[in-house]
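Take a look at the structure below.
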2 protein chains.
Amino acid sequence: MSEEQLDLVFGALADRTRRAILAHLATTDANVGELTALFTMSQPAISKHLKVLEVAGLISRTRQGTMRLSRLEAAPLRDATAWMADYRTYWSESYDRLDELLDSLD
Amino acid sequence: MSEEQLDLVFGALADRTRRAILAHLATTDANVGELTALFTMSQPAISKHLKVLEVAGLISRTRQGTMRLSRLEAAPLRDATAWMADYRTYWSESYDRLDELLDSLD
DNA sequence: CTGTTCTATAACCATCACATTACATAAAGG
DNA sequence: CCTTTATGTAATGTGATGGTTATAGAACAG
């Protein structure tokens, strides 16, 4: 994963509204209106957040009539996790099981 | 891990200079001057980055004479990894081994 | 076509983020 | 003390970020 993409992914995750959107999309796909209803925020604000998530590759979007469905795409999360896991030797324990995980990510 | 802390950790990781600092500190502790020499950037800029990393809990700092040693503290990385791993059901494979990891993080 | 619904974009504003240079401060040594 | 070394802080410029309201556009229904 490139530094540019890590910038985008971690930057996208740095906002709690966007993390909450991802958390919701983990349960079900959703359109913009449904997501807007979850927050005390305007629809254009949500659209902007979705754009950031899309550019980071964390969601994909498809037209469904007049609506646009957002779907979680967790591959960048997996890649970012792999990056962070390079520091596993500094974690307090569980090295071996994490090593198994890392091997599986190749 | 609180939303506030996730804001700080992901925000800290969103900058590639800070990620490079963490990568270097993974090999050895270092003072500000040593870290400054690694980048084409002023010393105050590095000091600011270290402050961000410190507030996020990703490094700790100790005085060593006139110098201040920075040391990697990877616990927040572990916690942030655990957050991302909640989306493991969307990853393409390796669910079971990741589940083992998650169990071990409690 | 026209109207309705859903979403995106434009224009704007306030604040934050990241860099600079100049200067202040802390610790150690002669 | 005074100097040197190492680092932090202040002031500043600039672009990015995150929100708003108003408006434009896309898809469908009648």
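Each chain gets a letter, A, B and so on, in the order the sequences are listed, and its residues count up from 1. Side-chain atoms are counted along with the backbone in the values below, which use heavy atoms only and exclude waters and symmetry mates.
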_Nearest-nucleotide pick for B:Thr66, side chain only, options being C:dA28, D:dT7, C:dA19_ =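 From the listed options, C:dA28 comes nearest.
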_Starting the side chain at C-beta, find the nucleotide from D:dT7, D:dA26, C:dT20 nearest to A:Arg63._
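So the side chain of A:Arg63 is nearest to D:dA26.
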*Which atoms form the tightest heavy-atom contact between A:Ser42 and A:Thr36, and what is the distance?*
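That would be C-CG2, 4.2 Å.
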Side chains of [X] and [Y]: closer than 4.5 Å at any heavy-atom pair?
X	Y	result
A:Asp29	A:Gln64	no
A:Leu13	A:Leu22	yes
A:Ile21	A:Leu53	yes
A:Arg61	A:Val32	yes

Rounded distance in Å - [atom1] ([X]) to [atom2] ([N]):
X	N	atom1	atom2	answer
A:Arg68	C:dA8	CZ	C1'	8 Å
B:Phe39	C:dT20	CZ	P	13 Å
A:Gln64	D:dA27	CD	P	13 Å
A:Ile46	C:dT7	CD1	P	12 Å
B:Met67	D:dT4	CE	C1'	15 Å
B:Leu69	C:dA27	CG	C1'	14 Å
A:Lys48	D:dT17	NZ	P	11 Å
A:Leu13	D:dT17	CG	P	14 Å

*asked:* Under 3.5 Å, is there any donor-acceptor pair linking the side chain of B:Gln43 to the base of D:dA6?
replied: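 Counting by modelled atom types and ignoring angles, no donor-acceptor contact under 3.5 Å is found here.
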*Which residues, if any, of residues 50-61 of chain A bring a heavy atom under 4.0 Å of DNA chain D?*
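Of all residues in residues 50-61 of chain A, none places a heavy atom under 4.0 Å from DNA chain D.
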*Say you draw a straight line from CG of A:Leu8 to CD of A:Glu3; how long is it, rounded to the nearest 0.5 Å?*
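If I round to the nearest 0.5 Å, the distance is 11.5 Å.
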*Are any of B:His49's side-chain N or O atoms less than 4.0 Å away from OP1 or OP2 of C:dA17?*
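B:His49 to C:dA17 OP1/OP2: no side-chain N or O under 4.0 Å.
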_B:Ser60 versus B:Glu73, side-chain donor and acceptor atoms under 3.5 Å_ =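 On atom types as modelled, these side chains qualify, holding a pair under 3.5 Å.
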*Start at the 5' end of DNA chain D and walk down; is the nucleotide closest to A:Pro44 or to A:Met41 reached first?*
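Looking at DNA chain D, the more 5' nearest nucleotide goes with A:Met41.
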*Looking across every strand, which nucleic acid part, if any, lies under 4.0 Å from B:Arg18 by heavy atom: base, sugar-phosphate, or nothing?*
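Contact class for B:Arg18: sugar-phosphate only.
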